[in-house]
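Read through the structure below, which is laid out as structure tokens, and then see the notes.
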Amino acid sequence: MKRQHILLPAVVISLLLLQLTFAALPRYEVIDLGTLGGGYGYAGAIDNAAALAGDSCIIDSVNADEIQVPNAFWSASELGWLYTPGFSYILTGVLTNLGNSHIDGTSPLVTLEVYDGLPVEDANLLRSAQFHPADRSWAGGHFDPLVLTAGEHYFIGFRNVKDLWASHSYDGVPLPIYYGYDNDGTYPFTENGDVEYAMLKFQGTHIHPLRVPADYPTIQDAIDAAVDGDTIVVSPGTYTGDGNRDIDFVGKAITVRSQNGPENCIIDCQASKADPHRGFRFSSYETPESIVDGFMIVNGYAPIESVRGYNYEVGGAIFCYWSSPTIRNCIISNNDADYWGGGGIYCTYGSLIISNTIFEDNGGHHGGGILCDYSDILIDGCIFNGNRAYSGGGIYIRYNCSATIVNSEITGNNRTGINCYESKLTFDRCVIANNCGGGGVWASKSDVNFMNCLIAENYSTYYGGGIQFVGDWREEHTLTMTNCTVVGNGSGQKGGGVLATKYVDVIISNSILWNNTSGEGEQISLYATIHVNGASTAEIYYSVLGGGIEGIYYPHYDRGYEVIAENSIDADPRFVDPDGDDNIFGTEDDNLRLLPDSPCINAGDPNYIAEPNETDLDGRPRIIGGRIDMGAYEYRPPVPAEVRIVPRTINLASKGRWITSYIWLPEDYNVADIDPNSVLLEDEIQAELLRVDEEQQVAIAKFNREELRDILNVGQAELTITGQLTDGTAFEGTDTIRVINKGSKK
């Protein structure tokens, strides 16, 4: 349905005139949200930046990049968007200048709505309230305060505004729904001053950031001056010495963030065993509102801390004790905790939220990247690479922890990627690959759940190349693996893919265990004696099991393991390119997605119901085609591409060098994302050149004409171009050309 244009006010921000000097500037600035000079905006943006240039506005009080004014954009959807680029503010419900003449008690209630997100079709309603245009009051008496966050988009919409205008007219002529200025700049309804409009003005509280080093010389100085709710912004540079290391939040709910990301804002601890220092310390009951955002923390060495009556070197970069901070958008590199552990982060008796953070080249006796005990931890979108420890090279979770690791990569760590002891551990959409010494994951006396994960090319000297799971005679523990790919792992003795021993129940479904190697039990090794409740079980459903039942090693001891393998197959999964472009299995370019003829497609549990918003490892819907696939990746049919091959007629006797193909992708895809090494003609001739025109959204591929001539016959030939995008999405297109031979009668 076509929506009508309606009259809506443009929302912009202006600073309240504050007769203050820079030195006396308050931390919280009062600002107004309303119209600029009573103007209206439709189908365009109004930028109030010019209004800040006057002497009456204090614009030198903070850096210019923090006083970008949100634009207002009103569309026929009756909603406008508001962008808060550099600061946060609290929206409160002060009503001013609401309405003008001819607005009376019969006017309908107008509804104000505030949404997050963009576009509005996918946005969430944050706040809804109604007000009376006639008496300029809130129907509920007030508008609850709402915090708008820096760097986010919001929609502010008005409902029933058009009803407000329906009963009004000017000189007997009904007022149009859409108002605008005449070409000469005059407003068409101003002769008698009877302009009818509803202008809603808000009052907000702008949270003014504290700046390092502009306002405070060190990060600690700024924290000491801050109060709950403050934001500290640290300018680009390398920060060293006292006040810029061993930084303590002292219990404050504040955000300390870099101005331009971790690559440009470095905390160099300059520490050693003889002179230990770390980046941050949390030990005053901090909450998730205590936030570290966007720093590179390097060269830390864990100071000695007293934990549970013992003195340990813990937390090379960050230490958390009885605290629950948030760490995001950081790089934690080259930090150490030689004894006891947590080269990157140590957390005990708390909880921790870590997102979009890289841990690399950190070391410790336990947990090179992270050591966590007696705590809850959420790790989302993180990378652990090249960390080292005697146990838990990347991560060590132990002693009554509950840990969830989502959308993360644990690769190339030494002496296991992850260790878990007496805890609960959940993985979702993770890559655990190329970890050595103790394999990918080692768990004992724990419950571990893998979903939509790739466990590949890990190696253990003794047991469990991919996963080693040790139980507990006192109680039952479970290893659950759903929709996973376990490929190319190896162990020196038992369990190339999975080893489970001592009272563990293993449940595997919709998964692929293939091409793992070991002395005993290439795919799975089960070794048990007496289970606390009788026999342990290994249940394998709707999965690929390399070597079939022979791929499982389990001694038939009395009351040992019971193996159930139903609806599983021993068949090549048909991966796209399991050894990659370099033809070396176990390197980063391996592609373990499924080919169109894979027996794993639509072969998983027919009764499997995906969780809401569940995705595969690529972030695509988990079920495509009505039935789940086996493995971490759901097969997605190729994206249909439009292909044009020139010349349109190919002479087999021609000595030309090239055949050229023009490739267009559907509207939602970008040709710049095409992997140039993946483009093939007839699945065998690789493109020798690929050029991309992003403006025209066309890719131009050139193929060797001589190679093509070898597979063509005279007549009509339908040729297929295939390829992949960098995210693994396949595309395919065909074109028909004419083939002749100059020497023939045709």
Side-chain angles (χ1 to χ4, degrees), residues 45 71 73 75 81 83 85 117-123 151-153 260-261 263 329 355-356 358 380-381 383 407-409 429 431 452 454 575-577 580-582 588-596 613-625 629 632-646 658-683 685-703 719-735:
N71 292 335
F73 181 87
S75 71
W81 62 261
Y83 175 50
L118 200 106
V120 69
E121 292 80 7
D122 301 322
E152 300 293 337
H153 288 84
N260 290 320
E263 294 84 359
N329 306 318
S355 63
N356 194 33
I358 297 172
D380 188 355
I383 295 174
N407 193 30
S408 296
E409 298 180 10
R429 289 168 290 131
V431 175
N452 307 302
L454 172 64
F575 296 123
V576 170
D577 192 359
D581 293 334
D582 61 7
E588 291 184 0
D589 63 353
D590 298 351
N591 189 336
L592 297 172
R593 297 171 181 86
L594 303 176
L595 286 169
N613 303 315
E614 182 180 350
T615 67
D616 71 355
L617 190 54
D618 277 335
R620 301 192 179 100
R622 185 62 259 198
I623 297 180
I624 300 175
D629 298 342
Y633 299 100
E634 193 80 4
Y635 173 73
R636 185 177 185 180
V639 171
E642 182 181 347
V643 170
R644 185 74 169 174
I645 296 174
V646 294
W658 302 110
I659 298 295
T660 302
S661 173
Y662 296 84
I663 305 168
W664 294 269
L665 298 177
E667 184 177 347
D668 293 338
Y669 299 88
N670 191 336
V671 294
D673 295 330
I674 294 176
D675 178 357
N677 296 319
S678 71
V679 180
L680 298 175
L681 175 60
E682 290 295 286
D683 283 330
I685 304 173
Q686 186 170 15
E688 296 191 4
L689 295 172
L690 182 74
R691 183 171 64 85
V692 171
D693 184 338
E694 278 198 82
E695 184 175 349
Q696 299 298 321
Q697 277 299 300
V698 60
I700 305 168
K702 290 187 175 294
F703 301 91
L719 300 179
T720 300
I721 304 290
T722 59
Q724 290 182 15
L725 307 186
T726 53
D727 68 355
T729 299
F731 66 86
E732 180 178 298
T734 61
D735 191 19

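Small disclaimer: the values here were computed from a predicted structure and weren't measured.
Checked against salt bridge (charged side-chain N to carboxylate O under 4.0 Å, His left out), Arg622 has the following partners two or more places apart in sequence or in another chain: Glu634. With sequence neighbours excluded, the residues forming a salt bridge (charged side-chain N to carboxylate O under 4.0 Å, His left out) with Arg620 are Asp618, Asp727, listed by chain and number. Considering only residues two or more places apart in sequence or on other chains, Gln697 meets the side-chain hydrogen bond (donor to acceptor under 3.5 Å, both in side chains) condition with Asn670.
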* Please lay out, stage by stage, how Ile721 and Val679 fare under the test side-chain contact (heavy atoms from CB on, under 4.5 Å). => CA-CA 7 Å; Ile721 304 290; Val679 180; 4.1 Å; yes
* Step by step, would you call Asp380 with Asn356 a side-chain contact (heavy atoms from CB on, under 4.5 Å)? -> CA-CA 7 Å; Asp380 188 355; Asn356 194 33; over 6 Å; no
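Between Trp664 and Val671, every side-chain heavy-atom pair lies at or beyond the 4.5 Å cut-off. Proximity of Phe575 to Leu594: side-chain heavy atoms (C-beta onward) are separated by under 4.5 Å at one or more points. A 4.5 Å side-chain heavy-atom check between Ile700 and Leu690 finds every atom pair outside the cut-off. For the pair Leu454 and Leu592, the minimum side-chain heavy-atom distance is below 4.5 Å. Between Val643 and Thr734, every side-chain heavy-atom pair lies at or beyond the 4.5 Å cut-off. Side-chain contact between Arg429 and Thr615 is present, with heavy atoms from C-beta onward closer than 4.5 Å.
The structure places NZ of Lys702 at 3.0 Å from OG1 of Thr660, a figure rounded to the nearest 0.5 Å. From Glu667, atom CD reaches atom CG of Leu665 across 12.0 Å, with rounding to the nearest 0.5 Å. Of the inter-residue distances, the one linking Phe703 atom CZ with Leu681 atom CG reads 5.0 Å to the nearest 0.5 angstrom. In this structure, the separation between CD1 on Ile674 and CZ on Phe731 is 4.0 Å, given to the nearest 0.5 Å. Interatomic distance, OG1 of Thr722 versus CG of Leu680, reported as 4.5 Å (0.5 Å rounding). Atom CZ of Arg636 and atom CG of Asp629 lie 13.0 Å apart (nearest 0.5 Å).
Of the possible donor and acceptor atoms, none in the side chain of Asp693 sits under 3.5 Å from a partner among the backbone N and O of Val698. A donor-acceptor pair under 3.5 Å links the side-chain atoms of Gln686 to the main chain of Asn677, judged by distance alone. Looking at Glu682, its side chain does come within 3.5 Å of a backbone N or O of Thr720 through a donor-acceptor pair. Side chain of Asp735 to main chain of Ile645: a donor-acceptor pair is present (N/O by atom type, distance under 3.5 Å, no hydrogens or angles). With hydrogens and angles disregarded, a donor-acceptor distance shorter than 3.5 Å links the side chain of Ser678 to the backbone of Gln724.
Residues Asn452 and Asp616 have side chains that never bring a donor and an acceptor to within less than 3.5 angstrom of each other.
Heavy atoms only, all atoms of each residue included: Ser408 and Gly381 are closest at OG-N, 3.3 Å.
Remark: Arg644 fails to qualify as a cation-pi partner of Tyr662 under the 6.0 Å distance and 45° angle criteria applied to the six-membered ring.
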